Amino acid sequence: MRLNGKVAIITGAASGMGAATALLFAREGAKVVVSDMLADEGAAVVTQIVEAGGEARFVKLDVTSDAQWGNLVAATISAYGQVDILINNAGVSGSHPDLLNIDTWDEQMNVNAKGVFLGMRAVIPVMQQAGGGSIVNISSISGF
C-alpha cells in the first residue's frame, strides 16, 4: 500500500475524478477526507471507502471560503493528527453559455483559482511543520 499512514484531503470528492481519487487513495492505505459542497454524495463516497475497509470522513467545503478551509484543516488534524496530501480537484466548467458574463467569470475565478490558492495556503504551514507533504492541483482541458 503506497499511501499507508498518509492523510489526504481531496476537494470535489463527491463525484467524478475526485470520488475516483478518494477511492483509489483509500485502497492504497490513505486516510481520506472527502470534501465537497454536496454532502449526501460525499457521505456516499465515505460509505464506499469504509465498506471496503478504508478510513474516511466527509467535511463539507466551499473552496472559496477561507474560514471553511480553516475548519477543514482543523477537523483533519483533530481526526488524524496530520495532513500529508492535498488534492485540489474541485472546479467549475468553462462551458457556460455566456462566458462574457462577469458573474460567470467571478464564479470560475473564485472556485478554480482562488479556491486552489486558499487550499494551499491552509495546508502549507501544517505540512511545513511536519517536514513536508504533497499538493496536486488538478485542472481540466478548460484550463488551457
Side-chain angles (χ1 to χ4, degrees), residues 1-46 48-49 52 54-144:
M1 292 188 168
R2 294 179 291 177
L3 298 176
N4 199 30
K6 302 294 183 185
V7 176
I9 295 172
I10 304 172
T11 69
S15 63
M17 289 187 335
T21 302
L23 293 165
L24 174 63
F25 276 38
R27 277 195 307 273
E28 289 295 330
K31 297 173 185 166
V32 178
V33 179
V34 172
S35 63
D36 203 295
M37 297 276 291
L38 305 173
D40 292 340
E41 294 87 340
V45 173
V46 169
Q48 286 182 308
I49 290 170
E55 191 169 345
R57 64 182 39 231
F58 175 77
V59 178
K60 188 169 183 174
L61 175 68
D62 174 351
V63 296
T64 68
S65 169
D66 192 36
Q68 286 189 30
W69 271 108
N71 292 339
L72 170 62
V73 172
T76 303
I77 297 295
S78 176
Y80 300 124
Q82 64 197 50
V83 177
D84 300 296
I85 303 164
L86 169 63
I87 306 296
N88 270 318
N89 173 70
V92 293
S93 171
S95 61
H96 191 277
D98 185 4
L99 292 176
L100 298 178
N101 180 293
I102 193 71
D103 292 331
T104 301
W105 169 263
D106 286 344
E107 177 192 22
Q108 289 183 0
M109 293 306 293
N110 282 335
V111 173
N112 297 344
K114 181 181 176 186
V116 170
F117 166 75
L118 291 175
M120 292 187 302
R121 190 174 80 159
V123 301
I124 285 172
V126 174
M127 289 178 173
Q128 285 176 323
Q129 186 176 15
S134 297
I135 298 172
V136 178
N137 298 322
I138 296 176
S139 177
S140 74
I141 193 70
S142 297
F144 291 115

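Keep in mind it's a predicted model, so treat the numbers as computed, not measured.
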Undergrad: Quick check: closest heavy atoms across V111 and G91, and the distance to 0.1 Å?
TA: CG1-CA, 3.7 Å
Undergrad: Apply side chain to side chain contact (heavy atoms under 4.5 Å, CB included) to the pair E55 and Y80, showing each step before the final yes or no.
TA: CA-CA 10 Å; E55 191 169 345; Y80 300 124; 3.1 Å; yes
Undergrad: Rounded at 0.5 Å granularity, tell me how far CZ in F58 sits from CG in D40.
TA: 8.5 Å
Undergrad: Is the backbone of N89 close enough, under 3.5 Å, to the side chain of T11 for a donor and an acceptor to pair up by distance?
TA: yes
Undergrad: Measuring from atom CE of M37 to atom OG of S65, what distance do you get when rounded to the nearest 0.5 angstrom?
TA: 9.5 Å
Undergrad: Would you say the side chain of L118 lies within less than 4.5 Å of the side chain of Q68, judging by non-hydrogen atoms?
TA: no
Undergrad: If I take atom OG1 from residue T76 and atom NZ from residue K31, how far apart are they, to the nearest 0.5 angstrom?
TA: 12.0 Å
Undergrad: Quick one, I87 and I138 - any side-chain contact, counting heavy atoms below 4.5 Å?
TA: yes
Undergrad: Backbone N or O of L3 within a donor-acceptor pair of the E28 side chain at under 3.5 Å?
TA: no
Undergrad: What are the two closest non-hydrogen atoms of A22 and V34, and how far apart are they?
TA: CB-CG2, 4.2 Å
Undergrad: Does any part of the side chain of V116, heavy atoms only, come nearer than 4.5 Å to the side chain of N112, both counted from C-beta?
TA: no
Undergrad: Treating N110 as the side-chain partner and T64 as the backbone partner, does any N or O pair qualify as donor plus acceptor under 3.5 Å?
TA: no
Undergrad: If you apply the rule side chain to side chain contact (heavy atoms under 4.5 Å, CB included), what do you find for L61 with V59, and how did you get there?
TA: CA-CA 6 Å; L61 175 68; V59 178; 5.6 Å; no
Undergrad: Please assess E41 against D36 for the test side chain to side chain contact (heavy atoms under 4.5 Å, CB included), listing each intermediate value before the final yes or no.
TA: CA-CA 9 Å; E41 294 87 340; D36 203 295; over 6 Å; no
Undergrad: If only atom types and distance count, is the side chain of T21 paired as donor or acceptor with the main-chain N or O of M17 below 3.5 Å?
TA: yes
Undergrad: Atom NZ in K114, atom CD in E107: separation rounded to 0.5 Å?
TA: 13.0 Å
Undergrad: I need the N101 CG to D106 CG distance, nearest 0.5 Å.
TA: 9.0 Å
Undergrad: If you define the side chain from C-beta out and look only at heavy atoms, does anything of I49 sit under 4.5 Å from L23?
TA: yes
Undergrad: Without placing hydrogens or testing angles, list every side-chain donor-acceptor pair under 3.5 Å for residues 123-135, not counting sequence neighbours.
TA:
none

Undergrad: How far apart are the closest heavy atoms of Q82 and K6, and which atoms are they?
TA: NE2-CA, 4.2 Å
Undergrad: CZ/F117 to CG/N88 distance, rounded to the nearest 0.5 angstrom?
TA: 11.5 Å
Undergrad: Could you tell me whether the side chain of W69 and the main chain of V63 form a donor-acceptor pair under 3.5 Å?
TA: yes
Undergrad: If I compare all heavy atoms of G12 with all of A90, which pair ends up nearest, and what's the gap?
TA: N-CB, 3.7 Å
Undergrad: For residues A26 and V32, report the shortest heavy-atom separation together with the two atoms involved.
TA: N-CG2, 3.8 Å
